[in-house]
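Report on the structure given below.
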Amino acid sequence: MSNTAPPREPETTTFDAVIVGAGFAGMYMLHTLRELGFTARVYEGGGGVGGTWYWNRYPGARCDIESLQYSYSFSDELQQEWEWSEKYAPQPEILSYANHVADRFDLRRDIRFDTRVTKAEYDEGAKRWTVETDQGDRVTAQFCIMALGCLSAANKPAFPGMADFPGPVYHTGEWPHEGVDFTGLRVGVIGTGSSAIQSIPLISKQAKTLTVFQRTAAYTVPAWNEKLDTEYQRRIKADYPALRAKARARPTGFYFPFNTKPALEDSPEGREKQYEEFWSRGGLPFLGAYGDLLFEKDANDTVADFARAKIRSIVKDPKVADLLCPDNVFGCKRLCVDTGYYETYNQPHVTLVDIAKTGIERFTRTGVVANGEEYELDAVVCATGFAAMTGSFDRIAITGRDGLPLTKKWEAGPRTYLGLTSVGFPNLFMLTGPGSPSVLASLVQAIEQHVDWVADCIAHMRDVGAESIEPTLADEDAWVEHVNEVAQVSLRSTCSSWYVGANIPGRPRVFMPYIGGFPVYVNKCNEVMDAGYEGFVLDGAAETNTPPRIRLTERWHVPLDMEVISPAALAAKRVPMV
Ligand code: NAP
C-alpha cells in the first residue's frame, strides 16, 4: 500500500532468529528475544508496525474485546502509561498504540518494512533456515518464527467481469491509507461479516445509495461502545495484574462476568430476562448468558430466537428483517459486534440483496449483477474476509526437511503440535498457529503466551547447546486428534465458517483453532515444558540435565477449577464461549 521506504541494500546477514511479521506478535517476539541477548531480524510487508491494525483501516474498524484487555500485559510501565479513550478503541488508536510500543522499546531498528518474505527453506545439514524476501534479502537464522497473523491473507474472490468495472473496488483488509470519501456515490458492499457490519453504518452516512450483497446473514450484538470512564480506568490500573490474572483463567483469555448454568434449566421468562440483561451489556460477553449455548442445539435455539426477535424489533420492513435473520447456530460463526447495524436498513437509500442462491453473478461496466438484476454502482467494497489461519502461510514457499513444502504437508488441513510447531519443520515456530486457541482467545494474550513459551524454549536450547527442536510424529498426531475431538463437542464445528476454512471454495474443511479453552491449553504447554519438552526431540544437546527455563512462561500458570474452566467443565458442557 504505502510502499514508500527508501531503497536499501539487500541483506545477507545471519541471525539467531528471523521473525516474519511486525504485528503484535512479531513486535513482542523481537523485544523478548533481544532482551534475552539474541539477534533477530523482522521482515514486514507493510510500511509500519501493527499488522491487522496497519491494514484494516476501513471506516468503523475497532476491537471487539475491551481495550484495557486487548493490549500487552508484559510491561507494567506500558500498561500504566497508555490511556485508552474508548471501551473498544478505534483502529487509529490501536495503531498509535502499536507505534508507541515500537518507539518505546526501540523496535524499528531491527525491522525491515515494505519487505515480504517469499521463501523460507530449512537446511538440514546446517540446521538453519534460509529466508528470502521480495527485496532481494537472503539471510540465514537458526530459528524462523512466523508471526503472520491469523486473519491477514485477504480473500479477494475473482468475480466474472471485474476488470470491466471502471470504479474502485476496495477490500476492507487492504484499505487505502488516505481513506475513502463515498460522498454522493452509489456504493455496493459484498459480504456481511464483522468487517462489513462495522463499516456499513458509516458508509451509509456518506453514500448516495448503499447496496449490501448478503450471502449469509450474520448474528451481531450491539457493542454499546462508550468513552472509557477515567475512574474505571484508574481502578483497573490500580491493580492491573488482578484483571490480567482473571482474564488468563477464562476460556477466551479475557475477563467478563459469565454464567455457567444451562439455558435449558431456566424457565422461558428467566431466559428472556437473562438474555435482556446480557444484551444490555453487549458485545461478545453476550454469549456468556448461559453455559450450554454452544453445546446444546436446543439451548442455542433459545438464544437464536431471542436474537431474531431483536432484529425484527429494530428493522421496520418485515421482508428485510426476515433476510437479516440468520437461520444457523447462534455464535457458530464468529459473533459480530456492531454499532447501529440493523438500524442502517431502515434508511430509504440502503438496499439489502440476498445472494444466497446465486452469489454475485458478475461485474459489468456499470455495476454488479445478482439474481439476474443489475445494480448500478460507482464503487464496490469487498468485505469478503480472509483465508484464515493458513492463508498467510500459503503465501510463503516454506520448505522443511527433505524438501517438504508446508503446503503439501497441510494439503488436507493444518497439522501442528500445540499450534506452535510442525513435524518436518525443525526450528520453525508459529505464533498463534492453527491448533492453538488463537482466534478463539483474546489474541494479544494468546500472542504473549506463545512468545513467552517460544522465548523460554530458545533460551533453554542455548543453555543446553541444542541445535534443533522438532515435535515427534506421534505427539503431533495425538494433538491434531485432540484438537479435532474437542471441536466436535462444540456447536461451533457445525457450520460453514472460516474457522473450518469453509468460506473459501476448495479449502479443506478442518476446525483450525483449539477450542478446549485458553487455560487448559496454557497448562498443557506448561506441562510439556516442565517435563523437559515432552513430545519434542532436541537435537545436539550437550547438556541433558539442565532443567527447562520457565522465566517468561511462569506468569501463565493458571489454577484450573470449575469456576473458570477445566476439562471437567468442558465435558459437562458448561463453559461459555468455547
Ligand atoms: P468474514 O467474517 O469471513 O465475512 C466475510 C463476508 O463476505 C461473509 O458475509 C461472507 O459470506 C462474504 N463472502 C465471502 N466470499 C464471498 C463471495 N465470493 N461472494 C459473496 N460473499 C462472500 O470476514 P470479516 O468480516 O473480514 O471478518 C473476519 C474475522 O476478522 C472476524 O470473524 C473477526 O474474527 C475478525 N474481525 C474482527 C473485527 C472486530 O470486531 N474487532 C472486525 C473485523 C474482523 P459467507 O458468510 O456466506 O461466507
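By the 6.0 Å contact criterion, NZ on Lys127 is enclosed, its count of non-hydrogen atoms from other residues, nucleotides or ligands being greater than 12. Heavy atoms from other residues, nucleotides or ligands lying under 6.0 Å from CZ of Arg362 number 12 at most. The 12-atom threshold is exceeded at CZ of Arg401, counting heavy atoms of other residues, nucleotides or ligands nearer than 6.0 Å.
Closest approach of Ala153 and Gly391 over heavy atoms only: CB-C, 3.6 Å. Val451 and Met29 get closest at one heavy-atom pair: CG1-CA, 3.7 Å. Counting all heavy atoms, side chain and backbone alike, Pro471 lies closest to Ser422 at CG-C, 3.9 Å. Residue Pro513 comes nearest to Pro437 through the heavy atom pair CB-O, 3.9 Å, listed as atom of the first residue, atom of the second, then distance. Across all non-hydrogen atoms, the minimal contact from Pro434 to Phe393 is CD-CE1, 4.4 Å. Considering every non-hydrogen atom in both Asp475 and Tyr417, the closest pair reads O-CD1, 3.6 Å.
For the atom pair CE of Met512 and OG1 of Thr416, the computed distance is 11.5 Å after rounding to the nearest 0.5 Å. For the atom pair Ile19 CD1 and Leu431 CG, the distance stands at 8.0 Å (nearest 0.5 Å). Distance check, rounded to the nearest 0.5 Å: OG1 of Thr133 to CG of Asp114 gives 11.0 Å. In this structure, CZ in Phe15 is found 8.5 Å from OG1 in Thr140, a value given to the nearest 0.5 Å. Atoms CZ and CZ, from Arg34 and Arg109 in turn, are 4.0 Å apart once rounded to the nearest 0.5 Å. Arg507 CZ to Trp498 CH2: the interatomic distance, rounded to the nearest 0.5 Å, is 11.0 Å.
For the pair Gln198 (side chain) and Arg62 (backbone), a donor-acceptor distance under 3.5 Å is present. The main-chain N or O of Thr52 is never found under 3.5 Å from a side-chain atom of Ser152 such that the two would form a donor-acceptor pair. A donor-acceptor pair under 3.5 Å links the side-chain atoms of Arg492 to the main chain of Gly331, judged by distance alone. At least one donor-acceptor pair closer than 3.5 Å links the side chain of Asp354 to the backbone N or O of Ala356. Side-chain atoms of Tyr514 do not come within 3.5 Å of backbone N or O of Leu440 as any donor-acceptor pair. A donor-acceptor pair under 3.5 Å links the side-chain atoms of Asn503 to the main chain of Phe386, judged by distance alone. Between the side chain of Ser490 and the backbone N or O of Ala487, no donor-acceptor pair lies under 3.5 Å. Of the possible donor and acceptor atoms, one in the side chain of Asp456 sits under 3.5 Å from a partner among the backbone N and O of Thr553. In this structure, the side chain of Trp129 engages the main chain of Pro426 through a donor-acceptor pair within 3.5 Å. In this structure a side-chain-to-backbone donor-acceptor pair under 3.5 Å is present from Asn155 to Thr384.
In this structure, Tyr521 has its ring center at least 6.0 angstrom away from the ring center of His482. Between Tyr533 and Trp453, the distance separating the two ring centers is shorter than 6.0 angstrom. Aromatic pair Tyr170/Tyr58: ring centres not closer than 6.0 Å.
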**Item:** Residue pair Phe213, Tyr375: steps toward the ring pair (Phe, Tyr, Trp, His ring centres under 6.0 Å) verdict
**Value:** CA-CA 10 Å; Phe213 298 93; Tyr375 297 85; 5.5 Å; yes
**Arg112/Asp137 under salt bridge (charged side-chain N to carboxylate O under 4.0 Å, His left out): CA gap, chis, key distance, verdict** = CA-CA 10 Å; Arg112 295 291 173 263; Asp137 307 298; over 6 Å; no
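Within the structure, side-chain hydrogen bond (donor to acceptor under 3.5 Å, both in side chains) contacts touching residues 428-448 (residues at least two apart or in different chains) are Ser73-Glu448. The list of disulfide (SG to SG under 2.5 Å) pairs with a residue in residues 480-515, not counting sequence neighbours, reads Cys332-Cys495.
Checked by atom type, the side-chain pair Asp452/Tyr28 shows a donor-acceptor distance below 3.5 Å. With no hydrogens or angles considered, no side-chain donor-acceptor pair links Tyr122 and Glu470 at under 3.5 Å. At a cut-off of 3.5 Å, with distance as the only test, a side-chain donor of Asn371 or Thr358 sits close to an acceptor on the other residue.
Within the 4.5 Å cutoff, the side chain of Phe143 has no heavy atoms near those of the Val18 side chain. Side-chain contact between Tyr72 and Val444 is present, with at least one heavy-atom pair separated by less than 4.5 Å. Contact annotation: the side chain of Arg395 approaches that of Arg116 to within less than 4.5 Å [non-hydrogen atoms, C-beta and beyond].
Under the 30°/60° scheme for interplanar angles, the aromatic rings of Phe165 and Phe363 are found to stand perpendicular.
In this structure, Arg108 fails the cation-pi test against Phe105, since its NZ or CZ atom is not both closer than 6.0 Å to the six-membered ring centre and inside 45 degrees of the ring normal.
Ionic pairing of Glu411 and Lys408 is present here: one or more N-O contacts between side-chain nitrogen and carboxylate oxygen are shorter than 4.0 angstrom.
Screening Leu552, Thr32, Ile145 for a side-chain contact (heavy atoms from CB on, under 4.5 Å) with Val454, the sole residue that qualifies is Ile145.
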